[in-house]
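Since we're looking at a predicted model, the values are computed, not measured. Index from 1, following the sequence.
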Amino acid sequence: MTTVSLSLSADEARRIALRAQGLLGAPDRRAGVEGVLRRLGAVQLDTISVLARSHELVPYARLGAVGRDTVEAAYWTGGRAFEYWSHAACVLPVEEWPYFAFRRRAFRARGHRWHRMEDSERSCAAVRDRLKADGPLTATELGGAKNGGEWYDWSETKIAVEWLLDTGEVVCAERRGWKRVYDLAERAVPGELFHDDLSDHECLRRLVARAGRAMGVATRADLADYHRLKGEQVDAVVAGTGLVPVEVAGWGRPAWADPAALEAESSGGRGRHRTTLLSPFDSLIWDRGRTERIFGFTHRLEAYVPRARRIHGYFAMPLLSGGRLLGRVDPAREGRTLVARQVSMAGRGAVEPMARALREAAGWVGCDAVRVERCDDPALAAALTAALD
């Protein structure tokens, strides 16, 4: 049984989580986007692009109006990152390549992911030969990604290259026009990192430890969810991660904290809170249960909900300010105008932060005006419109 010797208030746990995620305290601008990626350990990718794609919104939330070209360069040049299955499809720091050996082995043992090849030996050999001869290529350049049907109707070549990615012979080290660019892992991953030498136990121990540092304080379920592990996998390794057992008021379940995060909180340094709009796929809030537990804020991505059943909009982005989630906005762009299609705010105190976040986001994506289309409170709508003038 785990012995708990330290208790945290809900506010302490919230500050610890924000600081660990880079949203409390001065941003590390010298480390930049690469520093954000290393700190978080995983930045989720998604096809939806409203203001920008989610992997761009994550460093923006922490660093401010960093150039979008700078974001892409930090991920996809210099061999600093790769894409693989973590919380979902994520950009990962290249030094984490060895830690996912357990997942590559699991794929190999299973023998397939979603699709099966008609002739796996021939198809995989053809992909290897093309990449070896011609260098990094997209699935289209390899011979075509689809058979012509639905999006999941993959060609034999696409199935083969994705299988080689799953099992570690191929790596996606770049997105070009949102298409994966595949290369041989032996060429793209630095030699000292290109191995599967770590045992499953050691892979899991390191990933759980990194998840704990990225979240600051976390339950068993939180630690498992960060890289989509199983609860029993966390149980098997958490004692060796260096994370400290804690009790958080109101959580009602065991938790673990990063010692460095506890020290930063106990030092009394509060730091500056970031006011920003968050992607629904931001690691601060990507888990609904954790978001409700820490912030008392219920959020659901409604992009895949029928329009008539949406409450807050297609891509509602929560507003973070003062360490709290104070509302949300569903944004869109019309020419050089950022349109707040639907806004909700937690009272008049959220109006100025919402106006500030909207103005900053507009400037970042090249808009010079903001228009409020709908707000669930007419008085707050008028106040927001006035604050934006």
Side-chain angles (χ1 to χ4, degrees), residues 10-11 14-15 17-18 21-25 27 48-52 54 56-58 60-66 270-282 284-285 288 291-292 294-303 305 307-389:
D11 281 346
R14 179 176 51 81
R15 287 193 298 268
L18 287 163
Q21 283 279 299
L23 290 159
L24 172 58
I48 296 173
S49 181
V50 179
L51 290 180
S54 186
E56 299 172 285
L57 292 167
V58 169
Y60 162 74
R62 288 149 179 84
L63 301 173
V66 59
R270 294 293 179 258
R272 180 174 64 84
H273 283 285
R274 180 95 172 100
T275 293
T276 191
L277 299 177
L278 296 171
S279 163
F281 302 110
D282 193 294
L284 179 72
I285 58 168
R288 289 174 61 186
T291 301
E292 291 179 15
I294 293 178
F295 297 101
F297 187 88
T298 302
H299 188 67
R300 179 187 182 191
L301 176 68
E302 297 180 338
V305 174
R307 183 188 298 270
R309 291 170 51 195
R310 291 175 190 157
I311 298 171
H312 296 291
Y314 176 79
F315 195 74
M317 300 179 67
L319 169 68
L320 177 69
S321 185
R324 308 280 183 176
L325 296 178
L326 300 180
R328 67 199 101 202
V329 58
D330 183 33
R333 294 167 65 183
E334 293 180 2
R336 294 184 63 85
T337 298
L338 189 157
V339 181
R341 294 191 294 191
Q342 189 164 329
V343 181
S344 63
M345 292 175 283
R348 193 164 289 271
V351 170
E352 190 280 328
M354 180 66 81
R356 187 168 11 130
L358 286 169
R359 283 194 299 265
E360 183 181 69
W364 180 54
V365 297
C367 293
D368 50 25
V370 179
R371 186 179 80 247
V372 179
E373 197 167 87
R374 293 190 304 277
C375 181
D376 58 7
D377 185 314
L380 295 181
L384 179 60
T385 299
L388 288 165
D389 287 342

### Query
Near Arg374 CZ, under 6.0 Å, is it more than 12 heavy atoms from other residues, nucleotides or ligands?
yes
### Query
Between CD of Glu352 and CG of Leu388, what distance do you get to the nearest 0.5 Å?
10.0 Å
### Query
Does the side chain of Leu284 come within less than 4.5 Å of Phe295's, by heavy atoms?
yes
### Query
What heavy-atom pair brings Tyr314 and Arg341 nearest, and what distance separates the two atoms?
CB-NH2, 3.6 Å
### Summary
Residues Leu57 and Ala52: closest non-hydrogen pair is CD1-O, 3.7 Å
### Task
Could you tell me whether the side chain of Arg15 reaches within less than 4.5 Å of the side chain of Leu24, counting heavy atoms only?
yes
### Message
I want to check something: taking the side chain as every heavy atom from C-beta on, are Leu18 and His273 in contact at a cut-off of under 4.5 Å?
### Response
yes
### Query
Salt-bridged, Arg356 to Glu360, with N to O below 4.0 Å?
no
### Query
So which heavy atom on Pro318 is nearest to which on Leu325, and how close?
CB-CD2, 4.3 Å
### Query
Is the side chain of Arg328 donor-acceptor paired with the backbone N or O of Ser344 at a distance under 3.5 Å, no angle test?
no
### Task
Could you tell me whether the side chain of Arg274 and the main chain of Ala61 form a donor-acceptor pair under 3.5 Å?
yes
### Query
Between CZ of Arg336 and CG of Leu338, what distance do you get to the nearest 0.5 Å?
12.0 Å
#### Entry: Working for side chain to side chain contact (heavy atoms under 4.5 Å, CB included), residues Ile285 and Leu320
CA-CA 11 Å; Ile285 58 168; Leu320 177 69; over 6 Å; no
### Query
Is there side-chain contact between Asp330 and His312, with heavy atoms separated by less than 4.5 Å?
no
### Query
Between Glu373 and Arg371, is there a side-chain N and carboxylate O pair less than 4.0 Å apart?
yes
### Query
If you take all heavy atoms of Leu358 and Ala340, which pair is closest and at what distance?
CD1-CB, 4.4 Å
### Query
Do any N or O atoms from the side chain of Arg348 and from the backbone of Ala383 form a donor-acceptor pair under 3.5 angstrom?
no
### Query
Any side-chain heavy atom of Gln21 within less than 4.5 Å of one from Arg62?
yes
### Task
Check whether any side-chain N or O of Glu292 sits under 3.5 Å from a backbone N or O of Thr298 as a donor-acceptor pair, and report yes or no.
no
### Query
So do the side chains of Leu277 and Leu319 get within less than 4.5 Å of each other, counting heavy atoms only?
yes
### Check: Arg14 and Arg324 side chains under 4.5 Å, non-hydrogen atoms
yes
## Note on the structure
Between the CE atom in Met345 and the CG atom in Leu384, the distance rounded to the nearest 0.5 Å is 4.5 Å
### Query
Relative to each other, are the rings of Phe281 and Phe315 parallel, tilted or perpendicular (30° and 60° limits)?
tilted
### Task
State, yes or no, whether a side-chain contact exists between Met317 and Leu51 at a heavy-atom distance under 4.5 Å.
yes
### Message
Looking at every non-hydrogen atom in both residues, tell me the closest pair between Thr275 and Pro353 and how far apart they are.
### Response
CG2-O, 3.7 Å
### Distance-minimising heavy-atom pair for Ala303 and Arg310
O-NH2, 3.5 Å
